[in-house]
Amino acid sequence: MPGTDNNSRNQASRELDAVVIGAGFAGLCALYKFRDVMGMDVQVYETGDGVGGTWYWNRYPGARCDSESFYYCFSFDEDLAQEWEWTGKYPEQPEIERYLNHVADRFDLRRNIQLSTRVTHAKFDDATNRWEIRTEHGECVSARYLVTAVGCLSDANLPDIQGRDSFEGESYHTARWPKGGVDFTGKRVGLIGTGSTGIQATPVIAAAAEHLTVFQRTPNFTVPARHAAFAASDQVEIKKNYSQIFKRTRESPAGFPYFPIDRSTHDVSPEERDEILEGLWEEGGFKFLWGGFSDLLLDPAANEIASEFIRNKIRGIVKDPETAELLCPKCHAYGSKRPPIDTDYYTTFNRDNVSLVDIKTVPIESITPSGLRTADAEYELDVLVFATGFDAMTGSLLKIEIEGSGGQRLADTWAEGPRTFLGIQVAGFPNLFTITGPGSPSVLINMPVAIEQHVDWIADCIQHMNETGKSRVEATVTAQDEWVEHVAEVSQYSLMGRGNSWYVGANIPGKPRVVSPYTGGQPLYRERCEAVANAGYEGMQFGS
Ligand code: NA7
């Protein structure tokens, strides 16, 4: 292990079946499955001082899930689903954090979770077929399996803007928001970034601040969430239908309990088309993306019709025509960057205390002690909010020094972009499983659904090894190459990989441009995973 040549420090203090890194949705699910269902000896390490992962860190104003509460949750335990009461359509961060804490307590998971502990190194030992895992506190344990549950969007991206650290006011990244919150009263606030996060935070900050200036590099298409509290009858209806709802989430292209309509944009008259788009806009949420015309993400002409529909909505909502035009995305297709859904985003630009600055045309020159400077203006600020996203998909994995068979480093192996088999295994890194890793649908489907499928698949693979007396498994290079090629090939058919987005690593300077999530949809992906397992884990090699 690099930098640790002291033998006594390398001595593992515990021998475990599995180490799981992360205690968000994925880590909790994995711990429950491996420990309580499979009877394994498992230790979870979590950097935060609480469970929740994404929903522990992202406590910025307005943080809310874009998937509806009643299916953005675990399906593995019927009683859990029946007993938990979601308060409304789209849960806010505190509600999801409460839910995940409830899960941790309900299944007595905390006794195997060590909080405030970052895993820094993991090294595979070819002689023992075990991982040696080291934490920031110098602990060292040995485990047969290393399972990463680090999240796809967890390595916060704080851009290297000149003078960034010279700012003398308060500054925050949305994914590292203080637990006590931030008081914006009477303050001049600058917000950089108009992704999902910036779009959720803008209306809430605007309502509290003296003035909010939004610095926009790329305008974004957003559709209203239409959040509403649940009535008691909604709860009853959902609970009555839970098994059907969960079944549909496993069958649909994106892990939601609905499907695209059975027609393409060009199959219908312009009048009918507008009526359908209007209905989706009124209903709100991700249905506009995943429950509309079947060719939305495949055909640029069909996409442009939906894109123009949204632009016209923006023009109708935002009173100042110049601001409205600035808010209209014109350089990317709807869905080619992860589309947000919002509550009152566009109307916020009708407020007197909100202004929009186009930093695409006139870029930020520097952050100064008193604010921010562009080529043509100075902005005096008391608070600076970075809603600038994440080094997505690979950032958190590569922050851990992972050494596989023969001492090869994951960071070197992925220097040209991530290479995986099914997004779950990496050739040369035996007994490593990456939950919702790059090359799996992950962020393109409802995450708890993606997570449960991966955890079940990994558990079945381990079960297979137990039954056949194997202690080592890894993807073959051939199978991995074929999968990587397939992921790249299907991405050619989808508009999702064509924007300058974090889907392709375009938001991080110098990051190789690779379409990381699998764009082929959930059914095709699941079919492939099942076929691999049914063929005795074809494409994977086992050893003892
Ligand atoms: P995103 O979607 O990556 O958005 C980040 C925003 O920050 C986006 O508007 C970026 O502009 C902007 N950005 C990033 N770096 C800079 C610099 N250096 N200068 C100016 N503007 C910058 O992150 P979010 O947190 O909003 O959302 C992440 C995911 O969380 C979301 O998709 C959901 O899955 C939940 P750009 O578009 O790159 O021009």
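Every number for a ligand or one of its atoms is a count from 1 in the order of the listing.
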Point to revise | Heavy-atom nearest neighbour of atom 9 (O) of ligand 1 within options Leu191, Thr194, Asn58, Thr174 | key: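 Closest candidate by heavy-atom distance is Thr194.
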**Study point:** Nearest neighbour of atom 35 (C) of ligand 1 from the list His332, His173, Arg338, on a heavy-atom basis
**Key:** Arg338
Practice item. Please confirm whether Arg419 makes a cation-pi placement over Trp414, using NZ or CZ under 6.0 Å from the six-membered ring centre and within 45° of the ring normal. Key: no
Exercise for review: State whether Tyr258 and Lys287 meet the cation-pi test: NZ (Lys) or CZ (Arg) under 6.0 Å from the six-membered ring centroid, and within 45° of the perpendicular axis.
Suggested key: yes
Starting from [atom], find the nearest protein heavy-atom neighbour and note its residue, name and distance.
| atom | value |
| --- | --- |
| atom 19 (N) of ligand 1 | Arg217 NH1, 3.6 Å |
| atom 36 (P) of ligand 1 | Thr218 OG1, 3.4 Å |
| atom 23 (O) of ligand 1 | Gly389 CA, 3.2 Å |
| atom 4 (O) of ligand 1 | Gly195 CA, 3.5 Å |
| atom 21 (N) of ligand 1 | Ile192 CG2, 3.6 Å |
| atom 1 (P) of ligand 1 | Trp502 CD1, 3.9 Å |
| atom 18 (N) of ligand 1 | Pro159 CB, 3.2 Å |

Under 3.5 Å, is there a donor-acceptor pair between the side chain of [X] and the main chain of [Y]?
| X | Y | answer |
| --- | --- | --- |
| Thr436 | Ile451 | no |
| Glu452 | Cys29 | no |
| Arg315 | Ile310 | no |
| Gln93 | Trp55 | yes |

When you look for heavy atoms under 4.0 Å from ligand 1, do you find them on the side chain of [X], its backbone, both, or neither?
| X | result |
| --- | --- |
| Ser196 | both |
| Phe390 | side chain |
| Ile359 | side chain |

Exercise for review: Would you check the N or O atoms of Ala387, main chain and side chain alike, for any that come under 3.5 Å of an N or O of ligand 1?
Suggested key: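 The answer is yes, given that Ala387 and ligand 1 share an N or O pair closer than 3.5 Å.
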Exercise for review: Looking only at distances, please establish whether an N/O atom of ligand 1 is found under 3.5 Å from an N/O atom of Thr388.
Suggested key: no
Review point. Taking the six-membered ring for Trp, is the centroid-to-centroid distance between Phe309 and Tyr334 below 6.0 Å?
Key: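 No, the ring centres sit 6.0 Å or more apart.
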Check your understanding: Just wondering, are more than 12 heavy atoms of other shown residues or ligands nearer than 6.0 Å to CD in Glu85?
Key ->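 Counting other residues, nucleotides and ligands, CD of Glu85 exceeds 12 neighbours.
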Review point. Would the number of heavy atoms belonging to other residues, nucleotides or ligands and lying under 6.0 Å from CD of Glu416 be above 12?
Key: no
Check your understanding: Is any side-chain N of the basic residue among Glu325 and Arg311 closer than 4.0 Å to the acidic one's carboxylate O?
Key ->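 Judged by the 4.0 Å cut-off on N to carboxylate O distance, Glu325 and Arg311 do not form a salt bridge.
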In ligand 1, which numbered atoms sit nearer than 4.0 Å to a non-hydrogen atom of [X]?
| X | answer |
| --- | --- |
| Gly193 | 6 (C), 7 (O), 9 (O), 12 (C) |
| Thr197 | 24 (P), 25 (O), 26 (O), 27 (O) |
| Leu153 | 29 (C), 30 (O), 34 (O) |
| Lys337 | 36 (P), 37 (O) |

Review point. Mind checking what makes side-chain hydrogen bond (donor to acceptor under 3.5 Å, both in side chains) contact with Gln425, not counting sequence neighbours?
Key: none
